[in-house]
Amino acid sequence: MSEFNKDDYLNDLPDADELAAGQVAPEDGAGEAQPEANNDAQSSEAQGEQRSNEEPATPEEGEEADSVDGKLTPLGQAKKEAAEYLEALQRERAEFINYRNRTKKDMERARQQGIIDVLAAELPALDDIDRIREHGGEMDESFQAVAAKIDKAFEKFGVEKFGVKGEDFDPTRHDAILHKPDPQAEKATVDTVVEAGYRIGDRVIRAARVVVASPQE
């Protein structure tokens, strides 16, 4: 074994000024221990997160099953009764809506029938007024005012008057009391309106009674 030389040992030590300035690198292995420790910590955290993701979720506190061993719990029984009450309520609501719709239709039908009854009773008078107008009969101002009020009253309730000379003949709206051959006619048209027709919407109350000009064969 060689003898310890104090001078050689002191010469091998780094200078104190260089160490203070940070110019001398630390010994091998001194700066590598900390990164390894950090890597180990990160690996542990990743494994912990993976284990937490794999663990099944536990039921919330206070949550109770609806049935136990095939028998309903009080909570399950309450849910069943609530569902039955809701179904009954929905059924009653649907029946009420259907009843309301039927009632509205019945009321509208009754209203329309009342208008038809009044119109049917007034048709003879309305026909007389039309004949006086058509033949140029004299109508004083009072009579004209009354006739205009009657027309407006029926218009208010949706009654429409139809039947005009020269319009196309329509068997669903016109009642032909006479067909008159016309060499100039290209198709059947209304030549003379004997009695005007009346309708409410698409419902014909009375077809217009007319003389039809038909093409000559």
Side-chain angles (χ1 to χ4, degrees), residues 78-217:
K79 288 183 178 180
K80 179 182 177 182
E81 293 178 358
E84 293 175 352
Y85 290 146
L86 178 61
E87 182 180 359
L89 179 61
Q90 290 175 342
R91 185 165 54 250
E92 291 293 334
R93 182 175 182 273
E95 292 178 359
F96 172 75
I97 292 174
N98 292 334
Y99 168 76
R100 184 183 62 185
N101 293 337
R102 288 195 304 269
T103 302
K104 286 183 178 180
K105 290 181 180 179
D106 293 342
M107 292 177 61
E108 180 62 27
R109 191 179 296 111
R111 174 180 176 275
Q112 192 176 86
Q113 186 60 47
I115 297 172
I116 292 173
D117 293 340
V118 174
L119 176 62
E122 296 294 333
L123 282 177
L126 295 175
D127 292 337
D128 291 339
I129 293 174
D130 289 340
R131 291 188 185 99
I132 294 173
R133 289 170 175 169
E134 182 180 358
H135 295 289
E138 294 183 0
M139 297 176 61
D140 58 20
E141 294 181 358
S142 299
F143 189 80
Q144 290 178 0
V146 172
K149 287 181 180 179
I150 294 175
D151 293 339
K152 290 181 179 180
F154 282 114
E155 290 177 1
K156 179 181 178 181
F157 290 100
V159 177
E160 181 182 354
K161 182 179 178 181
F162 65 91
V164 180
K165 180 179 180 179
E167 65 183 7
D168 294 343
F169 173 72
D170 183 356
T172 62
R173 300 170 59 243
H174 301 133
D175 181 13
I177 61 177
L178 178 65
H179 284 271
K180 182 176 68 174
D182 187 351
Q184 297 181 351
E186 298 180 356
K187 55 183 177 179
T189 57
V190 175
D191 181 73
T192 305
V193 178
V194 179
E195 292 178 351
Y198 294 90
R199 64 185 175 188
I200 299 178
D202 295 333
R203 183 177 179 181
V204 176
I205 308 305
R206 187 184 74 178
R209 296 174 182 176
V210 298
V211 175
V212 181
S214 304
Q216 192 172 19
E217 294 181 358

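The shortest distance between side-chain heavy atoms of Phe154 and Glu122 falls below 4.5 Å. Side-chain contact between Ile205 and Ile200 is present, with at least one heavy-atom pair separated by less than 4.5 Å. Using a 4.5 Å cut-off on side-chain heavy atoms (C-beta onward), Val212 and His174 make no contact.
Contacts of Gln112 classified as side chain to side chain donor-acceptor pair (under 3.5 Å), with partners at least two apart in sequence or in another chain: Arg203.
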Check against side chain to side chain contact (heavy atoms under 4.5 Å, CB included), Leu126 and Tyr198: CA-CA 11 Å; Leu126 295 175; Tyr198 294 90; 3.7 Å; yes

Give the C-alpha distance, both sets of side-chain angles, the deciding distance and a yes or no for side chain to side chain contact (heavy atoms under 4.5 Å, CB included) between Ile129 and Phe143. CA-CA 9 Å; Ile129 293 174; Phe143 189 80; 4.1 Å; yes

How far apart are the C-alpha atoms of Phe162 and Val204, what are their side-chain angles, what is the distance that settles it, and do they pass the side chain to side chain contact (heavy atoms under 4.5 Å, CB included) test? CA-CA 10 Å; Phe162 65 91; Val204 176; 4.2 Å; yes

Worked check of side chain to side chain contact (heavy atoms under 4.5 Å, CB included) between Val194 and Val211: CA-CA 7 Å; Val194 179; Val211 175; 4.3 Å; yes

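The residues Glu108 and Arg111 are annotated as salt-bridged, a charged nitrogen and a carboxylate oxygen being separated by less than 4.0 angstrom. The existence of a salt bridge linking Asp130 and Lys161 is confirmed by a sub-4.0 Å separation between a basic side-chain nitrogen and an acidic carboxylate oxygen. With respect to the salt-bridge test (charged N to carboxylate O, under 4.0 angstrom), the residues Glu95 and Arg100 do not qualify. A salt bridge links Arg206 with Asp127: at least one charged nitrogen is closer than 4.0 Å to a carboxylate oxygen.
Heavy atoms only, all atoms of each residue included: Pro124 and Ala120 are closest at CD-O, 3.9 Å.
We find the CG-CD1 distance between Leu119 and Ile115 to be 9.5 Å, quoted to the nearest 0.5 Å.
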